[in-house]
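Below, chain A is the first sequence line, B the second, and so on; all start at residue 1.
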Amino acid sequence: MTASGTFGYGEEFMDFFDISCLGGVLVKGTTLEHREGNAYPRMAETPQGMLNAVGLQNKGVHYFAEHIYPRIKDYDTHMLVNVSGSTIEDYIKTAEVVNELDNIPGIELNISCPNVKEGGMAFGTSCPSAVSVVEAVRQVYKKHLMVKLSPNVTNIAEIAAAVEGAGADSISLINTLLGMAIDAKTRRPLLSTITGGLSGPAVKPVALRMVWQVAQAVKVPIVGMGGIMNTTDAIEFMLAGASAIQVGTANFIDPCVTEKIVKGLEAYCIENGFDKVSDLVGAMEV
Amino acid sequence: MKKYIDDFKVIQNERLNDEYVILTLKHPGKMPEMMPGQFVEVRVDNGPNTFLRRPISIHDVDVEANTMKLLVQEIGEGTRLMGKLNEGDICNLVYPLGNWFSLPEKPRVLLVGGGCGIAPLLYMGRHLKANGFKPQFLLGARSEDGLIALDAFRELGEVHTTTEDGSVGTKGYVIHHPVMRTQTPEIDQIYTCGPEAMMKVVAKYAKNNNIKCEVSLENHMACGFGACLCCIADTLDGHKCTCTDGPVFDSTYLKW
């Protein structure tokens, strides 16, 4: 799959490859109301990674349902909507709108965005708040409910178990790590928001560790992500316990990277005697 | 316009001075059409600290030879690595990206560039000349060293220059040049690219004199094709991506 906020609505990549080879596309973070996002600059390159502070820029779920959904609903892959909000009420109302869209088979509940002032990550950093938002959305959302966790916590396995108990069908992780960058020449922050979310290969070891920890704690499928740049990275996440993976930042550098990983996974299985890719899940030998 | 990702071959690396090089890149087959004002995203290989591609304006295009030129100012690690590319090296591009300059409705056209911002103006000048216009260029720099590729511009039209230290051309910024100081400007359309402070002054001049003005922004980008939403410009319609809604904007559309 492709990670939310790194693949637009899939349309941006059509010139580069046929996205029907993908397991799914997570469309941009969608909120109840239109959001302009944060001021420029919202991006800074860091060693083996980047910081972003986009701040969930999107036109709101009603615009999505009326104008974007008709364009993307017949794509030959699973089009999933990443849902975010500032209040539980926002999450519920947004999920209700998406629930009515026949060709959207699931949502990814984003309780982990580090770039918004209210809500977002705050919901995902404590068990009671994570449970309350997942339970509330579960009441109104009838299809596949994936919940995206924040790595900015002390014990991610505990949050994952709580979210599973609240009714999540799958768990995706990790969202970006809270970070910052300063320009020593100007003595100013490189992001308008001072802090932002770190992604890219720099976060991969952290992500891999968290996927492995969560895999010990829950029974629902795990969707692993964090710095996946190639097939080998993807395999590592599956060995750690991810049933599926999302590719994010790598899409910016090689827009064809996901197609290459799909083919690469198949080749790895053939070379190493695995009948199917799912045989890799949790197959790390200790 | 359809986007591509291809390996180009470096066929020339012309060093202009300590700061600037012009790379000539050859397409492996028939190069697709590219418009003046568009840019490419260059993959920077072998940089220990570089990660993202670098957005670089298309400086010139030779359709017959299937080559394009990139004017690169070595500012950071990524552009310094690009400056070290040798003949025969591979340069992977995502291209052509962004929108492009429109053709003017009236004949008197001025292209105003500062620093590395002169890059897209050469290709635009060629495009204008091919369409029967007689472009004038106004190119500014800190000093003589920063005024580059002048001969290439002179082949396309009259070239005016300014330098901050007065080492060549009119002393001062582009706005101080007589071509922009006349009471009744003999210009119908301006195209500008360069430092934001320069473009803002040029845009203000254009607005005050009822001259249509297109500016080309150089915002930092991650993807270059509308997926990351990092390179936004503040417009009358809110945040717009410099990479897909721009890099060329009508100056009055920007909240400057």
Side-chain angles (χ1 to χ4, degrees), chain A residues 2-17 25 27-29 34-59 115 183 185 190-192 196 199-202 227 229 248-257 259, chain B residues 1-7 32 40-45 47-55 75-79 81 92-98 196 217-246 254-256:
Chain A
T2 57
S4 178
T6 67
F7 207 70
Y9 294 99
E11 298 161 312
E12 292 80 354
F13 289 77
M14 296 287 193
D15 284 347
F16 300 116
F17 73 102
V25 169
V27 307
K28 257 218 70 64
H34 169 102
R35 286 181 60 92
E36 274 296 301
N38 294 318
Y40 182 85
R42 339 169 137 170
M43 185 276 291
E45 187 183 48
T46 56
Q48 288 298 303
M50 62 177 275
L51 289 162
N52 90 79
V54 171
L56 295 173
Q57 179 177 326
N58 78 102
K59 293 192 168 174
N115 292 324
D183 184 338
K185 275 186 206 151
L190 286 173
L191 297 175
S192 68
S199 63
M229 299 296 287
T249 307
N251 292 309
F252 302 153
I253 296 145
D254 179 0
C256 302
V257 67
E259 185 186 37
Chain B
M1 190 175 278
K2 186 173 161 59
K3 303 181 286 284
Y4 300 85
I5 176 166
D6 281 313
D7 281 336
V40 301
E41 278 270 23
V42 181
R43 193 181 71 207
V44 180
D45 296 331
N49 296 305
T50 60
F51 178 62
L52 299 167
R53 287 174 181 265
R54 296 296 189 267
I75 295 174
E77 191 178 328
T79 45
L81 283 163
N92 182 275
L93 305 182
V94 175
Y95 72 104
L97 301 173
E196 190 169 294
L217 301 185
E218 300 180 308
N219 288 9
H220 287 172
M221 294 176 185
C223 69
F225 46 87
C228 70
L229 308 189
C230 288
C231 63
I232 45 126
D234 219 358
T235 72
L236 299 181
D237 294 322
H239 288 155
K240 293 282 178 188
C241 281
T242 301
C243 66
T244 49
D245 296 301
L254 295 170
K255 279 190 181 169
W256 272 2

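- Looking at B/N219, both its backbone and its side chain come within 4.5 Å of chain A, counting heavy atoms on both sides.
- Residues A/T6 and B/A227 share a closest heavy-atom pair of O-CB, 3.7 Å.
- Of all heavy-atom pairs spanning B/A222 and A/M43, the tightest one is N-CE, 3.7 Å.
- If you measure heavy-atom distances from A/Y9 to chain B, you find no contacts under 4.5 Å at all.
- Here the two rings, on B/Y4 and A/F16, have centers that are 6.0 Å apart or farther.
- A donor-acceptor pair is defined here as one N or O able to donate and one able to accept, closer than 3.5 Å; such a pair exists between the side chain of B/K2 and the backbone of A/D15.
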Should A/R35 and B/H239 be marked as a side chain to side chain donor-acceptor pair (under 3.5 Å) after you check the CA-CA gap, both sets of side-chain angles, and the distance that decides it? CA-CA 10 Å; A/R35 286 181 60 92; B/H239 288 155; over 6 Å; no
Between B/R53 and A/E45, does the salt bridge (charged side-chain N to carboxylate O under 4.0 Å, His left out) criterion hold? Intermediate values first, please. CA-CA 10 Å; B/R53 287 174 181 265; A/E45 187 183 48; over 6 Å; no
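- The minimum heavy-atom distance linking A/G200 with B/F51 is given by the pair CA-CZ, 4.1 Å.
- Put simply, of B/R43, B/R54, B/E41, the one with the most heavy-atom pairs under 4.5 Å next to chain A is B/R54.
- With a threshold of 4.5 angstrom between heavy atoms, A/A39 approaches chain B through N, CA, C or O but not through any side-chain atom.
- When heavy atoms are compared at a cutoff of 4.5 Å, A/Y40 approaches chain B by way of both its backbone and its side chain.
- At distances below 3.5 Å, at least one donor-acceptor pair connects side-chain atoms of A/R42 with backbone N or O atoms of B/L229.
- Proximity to chain B is limited to the side chain of A/T249, based on heavy atoms less than 4.5 angstrom apart.
- For A/K59, the NZ atom sits in a loose shell: 12 or fewer heavy atoms of surrounding residues, nucleotides or ligands are nearer than 6.0 Å.
- With respect to chain B, the highest number of heavy-atom pairs below 4.5 Å among A/P201, A/C256, A/P41 belongs to A/P201.
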